[in-house]
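Structure, as structure tokens:
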Amino acid sequence: MSTWTRDDDKLFEHGLVLYPENIADRWQLIADHVPGKTPDDIMAHYDDLVHDVFEIDSGRIEPPSYTDDPVELEGDCQISFGSNKKNNEIERKKGTPWTEEEHRLFLIGLEKYGKGDWRSISRNVVISRTPTQVASHAQKYFIRQQAMKKERKRSSIHDITTAVDTKPVPPQSSFQNQRGSQNFNFTV
DNA sequence: CATAGGGTTATTG
DNA sequence: CAATAACCCTATG
């Protein structure tokens, strides 16, 4: 087992987000990116990382079939779009979708640095995203977590954590809420 | 065609 | 700077 320092980890993650997952010699490239590491070490470390992410995700959301990542590549190697000075025409905010890698890295950074440290996460782990993007992604992620958790359990006593579940945004749904606190029934 | 999903921008603490 | 809300676009039924 090779020792993985923070610097190595950082370089590893950088190489991970740098090279896409379609290429075969990805580990070779990443190993070349991180000095003093072999592709086997890289692979082992990546496996550990995936395992960690799986541990995080288990119990919260059901993991889809992610044995392989059949991401379609349409030549979107450039992620940065914010600093375009030569925009004569009004460029629509395209909104770059997050990849599996970025999400995994986000989860890792979330577990490492804790929630709220978007600046550190963006600077150390998810380099391809700005802190604002990371925060936005986190927001959507947690919203989705809550939504599917609510959908799954429907109502339980264990929903009560410390405070009453304040539901600020009731969508157009007429299913029973938890504990019968507030029922929003709307008619079309 | 309506709505849920996902990303960015704006507002507030 | 982070948390939250609002806005907007796209995919999907």
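We use all heavy atoms of the structure for the numbers below, so side chains are in, but hydrogens, waters and symmetry mates are not. Keep in mind it's a predicted model, so treat the numbers as computed, not measured. Here is how names work: the chains are called A, B, and so on, in the same order as the sequence lines, proteins then strands, and each is numbered from 1.
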(request) Could you tell me which residues satisfy salt bridge (charged side-chain N to carboxylate O under 4.0 Å, His left out) with A:Asp9, sequence neighbours excluded, listed by chain and number? (result) A:Lys112
(request) Would you kindly give the NE2-to-P distance between A:His137 and B:dT9, to the nearest whole Å? (result) 17 Å
(message) How many whole angstroms separate atom CD of A:Gln133 from atom P of C:dT4?
(response) 19 Å
(message) Rounded to whole Å, please give me the gap between CG in A:Asp117 and P in C:dA2.
(response) 7 Å
(request) Nearest whole angstrom, please: distance from the C1' of B:dG6 to the NE2 of A:His103. (result) 12 Å
(message) If you only use heavy atoms from C-beta on, which nucleotide in B:dG7, B:dG5, C:dA3 is closest to the side chain of A:Trp118?
(response) C:dA3
(request) Calculate the interatomic distance between A:Tyr141 atom OH and C:dT4 atom P; express it in whole Å. (result) 16 Å
(request) Could you check how far CH2 of A:Trp98 sits from P of B:dG5, rounded to whole Å? (result) 19 Å
(message) Regarding C:dA3, can its base be found pairing with the side chain of A:Gln139 as donor and acceptor, where the two atoms are less than 3.5 Å apart?
(response) no
(request) Can you sort out the partners of A:Ala135 under side chain to side chain contact (heavy atoms under 4.5 Å, CB included), two or more places apart, ordered by chain and number? (result) A:Trp118
(request) Mind calculating the distance between CZ (A:Phe142) and P (B:dG7) to the nearest angstrom? (result) 15 Å
(message) Whole angstroms only, please: what is the CD-P distance between A:Gln146 and B:dG5?
(response) 14 Å
(message) Any side-chain to backbone donor/acceptor pair from A:Gln133 onto A:Thr130? Under 3.5 Å, distance only.
(response) yes
(request) Return yes if some donor-acceptor pair links the side-chain N/O of A:Glu102 with the main-chain N/O of A:Thr99 below 3.5 Å, else return no. (result) yes
(request) From the options C:dC7, C:dA2, B:dT9, select the nucleotide whose nearest atom is closest to the side chain of A:Lys140. (result) C:dC7
